[in-house]
There are 2 protein chains.
Amino acid sequence: MTGKQFTSVWVREPRKPASPGRSREEIVRAAVEMLDEEGLSGLSMRKLGAKLGAGATSLYWYVAHKDELLELVYDEVWSEMIAPDPGRVGWRDSVSAVAHGMRQAILRHPWSADLIGRLPALGPHAMLVADRMRKMIKAAGFTGKEVDFAISTLTAYVFGMTIPEIAWNTAMGDRYDADEMRAVVTRAAAGHPDMLERIDMDTYDDPRAIREMCFDFGLVSLLDGLERRLAT
Amino acid sequence: MTGKQFTSVWVREPRKPASPGRSREEIVRAAVEMLDEEGLSGLSMRKLGAKLGAGATSLYWYVAHKDELLELVYDEVWSEMIAPDPGRVGWRDSVSAVAHGMRQAILRHPWSADLIGRLPALGPHAMLVADRMRKMIKAAGFTGKEVDFAISTLTAYVFGMTIPEIAWNTAMGDRYDADEMRAVVTRAAAGHPDMLERIDMDTYDDPRAIREMCFDFGLVSLLDGLERRLAT
DNA sequence: ACCTGAACACCGTTCAAGT
DNA sequence: ACCTGAACACCGTTCAAGT
């Protein structure tokens, strides 16, 4: 009678402990490779099958459907987000390290940006990261619901900073042209004089460096704000 | 010789000032409707054509390709993010209002979460929101690059908080079952004792209320942190 | 100037059939 | 237990042809 609403790879057992033929790990590894090379729209079950020297539909024995495969590769990205153990370094430093690690992992696998809004992060690696963060936040002094709130706030910041960054990267293609970018933004900002002052700033000359600065600015602000919660 | 890297609806003229047949506005409106009802994967050019009583491919006269249509509908979401003019209310209040407005607009149109990582926000409505925010941030006292940084930080927070929220909503389907959710999370958190303490908390009984609290907690923290930047 | 239909090269997924 | 191929119901996009 309790209708199963929630479906996910993580709530059903894998087919077999160890299979002789292809394996889930092999498939996931190949999928990540394909995604890194061709992006989310470049991944198809048929092409992935071909890449593994298998028939177009044989992957369906290991994976219920494409979405399940995506859950698997998504957690693979989380596996690269793991920061060093809390250790003796202060909570601000460890949290900053995770934050930077998360951003870098997403930037390395831009297709993952699309998955954040599509799949809850329930995989084992996501859980490990969450657990580490939890320890850091508790070490900082947070208690009760505020532990969850602080974690959510921090990951929200990292995701929110990184996801639109990827939109820009992919929209601009491989090569970056500062002048073209200035032209695009100038055109878009037409009619908003306040925004135009941005254009002749050096912001567009080295976007990567600026983004790092921006990320750090926001992170420091957020950490300061969280610290203030602890004082009261 | 300058290779066109950057393509977007916003950098090319629309076909015609006013056409007698179908119009871009009509198409965009129908697309938003379809997206609200069926989600991003439910929108196809063919079905949209049919909905408008047109042949499967006639939309291609108004829109270069599907991605361009998505840019258009994306900006439509931004049009719902507009907050009241700065007015005499303090910068913290106006910024909070925009933040909540942005979150609500995205929640109303969950498909937009996927677009944030795919399309730079360059449409006229996105620009208007950015312009308003810029005025608020300047009124707060920020100058130079920090104006941009503060804006980016705030929108990052809102996006990052809302995007995974949508992942949860869609994964859980229409009806929410607190016990099922607790079971799912318990299972995922197996092996992380620190995380399990979360389960018996009342967190899952009214997720909507908790999320609001969480959003406010993070927003206040962030605003406090930004305010600290101004002091130094 | 606008719309159509057929056609091309793809998709995810199911399922009976093979080994 | 694992893999295959054919088949179904879709996609986005191009383009010659119509009005």
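If you're wondering where the values come from, they're calculated on a predicted model, not measured in any experiment. A note on names: the letters A, B, ... follow the listed sequences, proteins ahead of strands, and every chain is numbered from 1.
- Aromatic ring centres of A:Tyr157 and A:Phe215 lie closer together than 6.0 Å.
- Spacing between atom OH of A:Tyr60 and atom P of C:dA17 amounts to 21 Å, rounded to whole angstrom units.
- In this structure, B:Leu48 places its CG atom 14 Å from C1' of D:dC11, rounding to the nearest Å.
- Under the Watson-Crick or G-U wobble criterion, with both distances below 3.5 Å, D:dT4 is paired with C:dA16.
- Look at B:Asp177 and B:Arg182 and you find no salt bridge, because none of the NZ, NE, NH1 or NH2 atoms lies under 4.0 Å from a carboxylate O.
- Comparing the same atom, P, in D:dA9 and in C:dA9 gives a spacing of 22 Å after rounding to whole Å.
- In this structure, A:Met45 places its CE atom 14 Å from P of D:dT4, rounding to the nearest Å.
- Here the side chain of B:Lys66 is nearest to one of D:dG12, D:dA1, C:dC11, namely D:dG12.
- A:Leu59 has its CG atom 14 Å from the C1' atom of C:dC11, to the nearest Å.
- Side-chain atoms of B:Thr57 come within donor-acceptor range of the base of C:dG5, with a qualifying N/O pair under 3.5 Å.
- At the heavy-atom level, A:Ala56 lies nowhere under 4.0 Å from the strands shown.
- Atom NZ of A:Lys47 is separated from atom P of C:dT13 by 16 Å (rounded to the nearest Å).
- In the set C:dT13, C:dG12, D:dC2, the nucleotide with an atom closest to the side chain of A:His65 is C:dT13.
- In this structure, A:Arg24 atom CZ and D:dC2 atom P are separated by 13 Å, rounded to whole Å.
- Between A:Ile166 and A:Leu107, the shortest heavy-atom contact is CG1-CD2, 4.0 Å.
- Backbone-only contact: B:Leu43 has heavy atoms under 4.0 Å from sugar-phosphate atoms and none from a base.
- Checking each of A:Arg211, A:Arg103, A:Gln104 against A:Thr162 for a side chain to side chain contact (heavy atoms under 4.5 Å, CB included) leaves exactly one that passes, namely A:Arg103.
- With hydrogens and angles ignored, the 3.5 Å screen pairs no side-chain donor or acceptor of A:Glu68 with any backbone N or O of A:Ser8.
- What separates CZ of A:Arg46 from P of C:dA9 is a distance of 14 Å, to the nearest Å.
- Between the OH atom of A:Tyr62 and the P atom of D:dT4 there is a distance of 10 Å, given to the nearest Å.
- Base engagement by A:Ser58 is indicated by at least one non-hydrogen atom pair under 4.0 Å involving a base atom.
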